[in-house]
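Because the structure is predicted, anything quoted here is derived from the model rather than measured.
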Amino acid sequence: MLLDTINIVKIRKAIVYFGLMLAVLFVQNIVLSHIPVFKVYAFIPPVAVVAVGFFEGGVWGGVFGLVMGLFCDMGLNDTKVLLTVIFPIIGFVSGAAAMYFVNKRFFSFFFVSFAALVLTAICQMFRFIAVADTNILPVLLTAGLQTLWSLPFTFAIYYPCRSLSGVD
């Protein structure tokens with residue numbers, strides 16, 4: 001009787017998305033951390049959070065964003081809880097947007113991912129702008145280059161997540 005309350009399909013899907021998260025973190029930390037473009041590194045975990053929220057809904061996106069944010073904050077030395085706070089919001093909002101406002105095609109996914117990357121860059125650079133009395137132009141340039149360098153990876157994340165979710 002207890003086993004009737006367990007949804008094996010959702011458990012399998014959660015395991016698959018955990019594997020996706022580990023793959024994204026592996027690519028981020030092992031591959032992309034060694035490929036700078038104009039001394040800026042790509043940051044692709046927000047795109048994966050958008051993908052899960054886009055195809056599985058706001059709740060799955062929020063939970064995936066929370067777990068991804070925890071793992072990203074553990075792996076990065078810069079932030080303590082920044083990504084743990086931002087990623088669940090990105091996942092939930094992208095899931096709600098896909099459910100009510102935009103379709104689940106690549107064009108919509110690209111622009112929602114762009115918005116998530118811009119939001120992440122703004123939150124990452126906020127402490128440099130608010131605290132330091134330095135020139136704001138290099139910080140904005142770095143944030144813009146990080147966003148632009150991360151955008152091509154939307155292709156690499158969209159299609160596997162779409163096939164995992166079973167969306168036609």
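Proximity of L151 to L148: side-chain heavy atoms (C-beta onward) are separated by under 4.5 Å at one or more points. No side-chain heavy atom of F64 sits under 4.5 Å from any side-chain heavy atom of E56. For the pair C161 and F54, the minimum side-chain heavy-atom distance is 4.5 Å or more. Contact check for L25 versus M68: side-chain heavy atoms found under the 4.5 Å cut-off. Using a 4.5 Å cut-off on side-chain heavy atoms (C-beta onward), M125 and T142 make no contact.
Judged purely by atom type and a 3.5 angstrom limit, Q28 uses its side chain to pair as donor or acceptor with the backbone of A42. Using modelled atom types, no side-chain atom of S150 and backbone atom of I44 make a donor-acceptor pair closer than 3.5 Å. In this structure, the side chain of S108 does not engage the main chain of K104 through any donor-acceptor pair within 3.5 Å.
L83 and V93 fall into different hydrophobic clusters, defined by Ile, Leu, Val, Met, Phe, Trp and Tyr side-chain heavy atoms under 4.5 Å apart, directly or through other members. Transitive grouping of hydrophobic side chains (ILVMFWY, heavy atoms separated by less than 4.5 Å) brings V102 and L119 into a common cluster. Note on V16: it clusters hydrophobically with V47, by side-chain heavy-atom contacts below 4.5 Å among ILVMFWY residues. Note on F55: it clusters hydrophobically with F18, by side-chain heavy-atom contacts below 4.5 Å among ILVMFWY residues. A continuous path of hydrophobic side-chain contacts links F71 to F87 [ILVMFWY only; heavy atoms under 4.5 Å].
I89 CD1 to T84 OG1: the interatomic distance, rounded to the nearest 0.5 Å, is 11.0 Å. Residue Q146 holds its CD atom at 11.5 Å from CG of L141, rounded to the nearest 0.5 Å. Within the model, atoms CG of N29 and SG of C72 stand 7.5 Å from one another, a figure rounded to the nearest 0.5 Å. With rounding to the nearest 0.5 angstrom, the CG atom of L145 is 11.0 Å from the CG atom of L140.
Taking each heavy atom of S163 and P160 in turn, the nearest pair found is OG-O, 2.9 Å. Taking each heavy atom of L20 and V52 in turn, the nearest pair found is CD2-CG2, 4.2 Å. Across P88 and V85, no two heavy atoms sit closer than the pair CD-O, 3.5 Å. Annotation for I35 and W149: closest pair O-NE1, 3.5 Å, computed over non-hydrogen atoms.
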Test S94 against V49 for side chain to side chain contact (heavy atoms under 4.5 Å, CB included), laying out the working first.
CA-CA 8 Å; S94 65; V49 172; 5.6 Å; no
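Under the side chain to side chain contact (heavy atoms under 4.5 Å, CB included) test applied with V27, the options I157, L32, L22 reduce to a single match, L32. The ring pair (Phe, Tyr, Trp, His ring centres under 6.0 Å) with F109 is formed by just one residue from the set Y158, Y159, F155, F114; it is Y158.
Ring orientation note: the planes of F106 and F110 are tilted relative to one another, at an angle of 30° to 60°.
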